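Each chain gets a letter, A, B and so on, in the order its sequence line appears, and its residues count up from 1. None of these values were measured; they are calculated from a predicted model.
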Number of protein chains: 2
Amino acid sequence: MPQKDTSKAILEAAEQLFSERGFAETSLRTITARAGVNLAAVNYHFGSKKSLIHAVFAGFLTPFTARLRSELSLYEESLADEPAELRYLLGIVFNTALLTCADQPERLNRFMRLLGLAYTQGQGHIKRYLNREYGEDFASFSDLLRRSMPELSAEELYWRFHFMLGAVMFTFSGVDTLKAMAEHDVGRLAQTSDVIDLLLPFVAGGMQVPAQLPVAFAGREVSGAS
Amino acid sequence: MPQKDTSKAILEAAEQLFSERGFAETSLRTITARAGVNLAAVNYHFGSKKSLIHAVFAGFLTPFTARLRSELSLYEESLADEPAELRYLLGIVFNTALLTCADQPERLNRFMRLLGLAYTQGQGHIKRYLNREYGEDFASFSDLLRRSMPELSAEELYWRFHFMLGAVMFTFSGVDTLKAMAEHDVGRLAQTSDVIDLLLPFVAGGMQVPAQLPVAFAGREVSGAS
DNA sequence: TACCGTTTTAAACGTATGTTTAAAACGAAT
DNA sequence: ATTCGTTTTAAACATACGTTTAAAACGGTA
C-alpha cells in the first residue's frame, strides 16, 4: 500500500511541525518538503489544511480516548459506591497518555503542545472539532472528577479543573524548553515521566486545598506606594 | 498632538486583535482598519510588525514591572530576615496586575492571553524580547519565591514555579471562554477578581503540597486491559 | 506667504500562502 | 497489451501578506 505511506509521511511531518511552530506558522510547502511528497498530496489525501490539522489530532486522541474509556470504566466499576480517589484518577490519565505514546515518548510532548495551542491559539475550528469529536469523553471524565471531590461546589470544581488543565498543558507545551532550562538552572536532566511525578502532586494539592482563603488576605489593596 | 493618536489607535487595535487571534493570524491590514488609520502608518511609527508586537507588550509590562518592583522591594524590606509568605507574595503580583489595568479591567485578560501566546506560540523573537527587557524582574521575583519556600529543593521549586505559571496563564488565556462556559455550566457569572480569589489558593496549595507522593501510586502500569 | 520637517496617503512591490488543474505515472485486472 | 481507477506530479491560480515608495497633506515658523 504505497498510498498509505504518503498520508503517513504527511501526518508525521505535520504533527512535528505544527507542534514546533503552530498551525498558522506552518505552511503546507514546509510540511510536504519535510515529508518528501508533492505539495498537492495534502489536498488530495486530506482535502484541506484544516482537515489535515484535524487528522493530526485524531492520530493521537482516537487511540488515547479509546484506551482511556476502558481504563476509566474499569476503575469506575471497581469503585462501586465509594468516591473516586483524585490522584489515582489523574494517574490513570497520565499513564494512559504515556502508554498511547509508549513507542515514541516525544510524541506525548508534541500532543500536549498541540492541545495547548488548540486551546490558546484562535483557530476556532479546532476547538469545534475537538468538542464535536471528543467532548463526550471529556464530559465523562469530568463526572468522575466530580465524584472524586464531592465536597467541592460545582463552581469551584469547574474552575479548579481548568486551573489543573492549565498547569498540565502549559507545562507540556513548553516541556522541551523547560527541560533545557532546568538542566541549565538546576543541573539535572529531567525525563517526561519525572516531570509527571512532580506535576501530579502539584495539581492534586491544588485541587484538594481547602476552599476558603485560610490567611488574612482578602482585601484588594497592597501598599499604596506608587 | 495628532501623531500620538495614530500610534495610540494602532496600539489599542493591535492589543485587542493580537489577544483575540494571535500574532500570525492578525494582519496589519486588519489592525489599521480597526484603528482607522492608513496601512503604512504601522511601518512609519513602529518600523515593523515585530516592533509593534514588542510595543504592545511594553504598553502593559513596563508600568506593571515598575509598580511591581516598588511593591516587592517594600515587602522585602518589611521582611527583614523572616521568610516571605507565599500567598501574600502572589497576592502582591495579582493586585499589582489588577491595579495596572484598574481603569480597563478587560485589559488584564488581554495581556495574560498575550503572555500565554508569547510563551506557547513559536515567535521566538517575542520570548527573546521579553527576556531581554524584563528578565531581571522575573529573576528577582524568583528569588523572593525561593525565600518563601526554603524547604523546597531547587529542582522542585523550578518545576512548581512553571506549573503555577501554567495554571495562571492558561486560565487567563481562555478566561473569557471559560467565564462563558462557567455561566452556562454552573449558572453564575464570574468576575476576574473572583477567578483570582479561586486561583490563588489553588496555586498556593499546589506549591506548598508535601514534596513526596503520599499515596501508593508510584508504579507506571495501570490495569493492562487493552 | 513661503518654507520645511513631520505625518499621512494611495499605490505598488515582491513574496508566500492554500488550493486547483490537467496531464503524467502507476498498478492491478481484463 | 490495454484498460481503468488511483495516485503523483509540475505548473498555475487567486489571494493575502509585510513592506516600500513617492507624492500629497499638514502645521508651526520665519
Side-chain angles (χ1 to χ4, degrees), chain A residues 1-58 114 117-118 121-129, chain B residues 1-58 114 117-118 121-129:
Chain A
M1 60 260 317
Q3 73 280 20
K4 274 289 171 189
D5 285 353
T6 301
S7 293
K8 195 98 185 155
I10 291 173
L11 280 171
E12 274 173 22
E15 172 188 317
Q16 215 167 305
L17 289 163
F18 282 150
S19 77
E20 286 169 6
R21 317 183 183 185
F23 304 106
E25 294 87 345
T26 306
S27 71
L28 295 185
R29 283 171 174 82
T30 311
I31 293 171
T32 52
R34 163 97 50 116
V37 306
N38 188 274
L39 166 63
V42 170
N43 285 278
Y44 178 77
H45 285 282
F46 297 93
S48 68
K49 187 181 182 180
K50 282 186 183 180
S51 303
L52 172 61
I53 295 174
H54 299 170
V56 167
F57 277 102
L114 289 173
L117 288 176
Q121 204 150 332
Q123 300 276 152
H125 69 94
I126 303 180
K127 272 176 264 190
R128 259 175 274 126
Y129 168 81
Chain B
M1 62 270 302
Q3 73 280 18
K4 275 290 173 188
D5 285 352
T6 300
S7 292
K8 196 98 185 156
I10 291 173
L11 279 172
E12 273 174 22
E15 173 187 315
Q16 214 167 307
L17 290 164
F18 283 151
S19 78
E20 287 170 6
R21 318 183 181 185
F23 305 105
E25 295 87 345
T26 305
S27 71
L28 295 185
R29 283 170 173 84
T30 310
I31 293 171
T32 52
R34 163 96 50 116
V37 305
N38 187 275
L39 165 64
V42 170
N43 285 278
Y44 178 77
H45 286 281
F46 297 94
S48 68
K49 187 180 183 181
K50 282 186 184 181
S51 302
L52 172 61
I53 295 175
H54 298 171
V56 167
F57 278 101
L114 289 173
L117 287 176
Q121 205 150 332
Q123 300 278 149
H125 69 94
I126 303 179
K127 271 176 265 189
R128 256 175 276 126
Y129 169 80

**Study point:** Interatomic distance, A:D5 CG vs D:dT8 C1' [rounded to whole Å]
**Key:** 14 Å
Exercise for review: Determine the contact category for A:T30: base if any of its heavy atoms lies under 4.0 Å from a base atom, sugar-phosphate if only primed atoms, P, OP1 or OP2 are that close, otherwise nothing.
Suggested key: nothing
Review point. Want to settle it: does B:K49 or A:Y44 sit nearer the 5' end of DNA chain D, counting the closest nucleotide to each?
Key: A:Y44
**Study point:** Phosphate contact (D:dT7 OP1 or OP2) by A:T6 side-chain N/O below 4.0 Å
**Key:** no
Check your understanding: Nearest heavy-atom pair of A:A24 and B:E25: which atoms, and what distance?
Key -> CB-OE2, 3.6 Å
**Study point:** Protein-nucleotide distance (A:L28, atom CG; C:dT17, atom C1'), rounded to Å
**Key:** 8 Å
Check your understanding: Going through the checks in order, is the side chain to side chain contact (heavy atoms under 4.5 Å, CB included) test met by A:T30 and A:S27?
Key -> CA-CA 5 Å; A:T30 311; A:S27 71; 2.8 Å; yes
**Study point:** Sugar-phosphate only, base, or nothing, as touched by A:T26 at under 4.0 Å among non-hydrogen atoms
**Key:** sugar-phosphate
Check your understanding: What is the distance from CD1 of A:I31 to P of C:dT19, rounded to the nearest Å?
Key -> 11 Å
**Study point:** A:S51 side, atom OG; A:H125 side, atom NE2 - distance, nearest 0.5 Å
**Key:** 9.0 Å
Practice item. Figure out the CG/C1' separation between A:N43 and D:dT7, and round it to whole Å. Key: 14 Å
**Study point:** B:L28 side, atom CG; B:N43 side, atom CG - distance, nearest 0.5 Å
**Key:** 6.5 Å
Practice item. Spell out, as yes or no, whether a donor-acceptor pair under 3.5 Å connects the side chain of B:K49 to the backbone of B:F23. Key: yes
Check your understanding: Residues from residues 35-42 of chain A sitting under 4.0 Å of DNA chain D, heavy atoms only?
Key -> A:N38, A:A40
Check your understanding: Partners of A:T26 by side chain to side chain contact (heavy atoms under 4.5 Å, CB included), sequence neighbours excluded?
Key -> A:L17, A:F18, A:R21, A:I31
Check your understanding: Does a side-chain N or O from A:S27 land closer than 4.0 Å to OP1 or OP2 of C:dT17, or not?
Key -> yes
Review point. Is the shortest side-chain N/O distance from A:S48 to OP1 or OP2 of C:dG18 below 4.0 Å?
Key: no
Check your understanding: To the nearest Å, how far apart are A:K8 NZ and D:dT7 C1'?
Key -> 19 Å
**Study point:** Nearest atoms (heavy-atom pairs only) where A:T32 meets A:N38
**Key:** CG2-O, 3.5 Å
Study note, to complete from the structure: Between CD1 of A:I10 and P of D:dT8 the distance, given in whole Å, is 8 Å
Exercise for review: Rounded off to whole Å, could you give me the CZ-to-P distance for the A:R29 and C:dT20 pair?
Suggested key: 13 Å
Exercise for review: Compare side-chain N and O positions of A:H45 against OP1 and OP2 of D:dT6 and report whether any pair is under 4.0 Å apart.
Suggested key: no
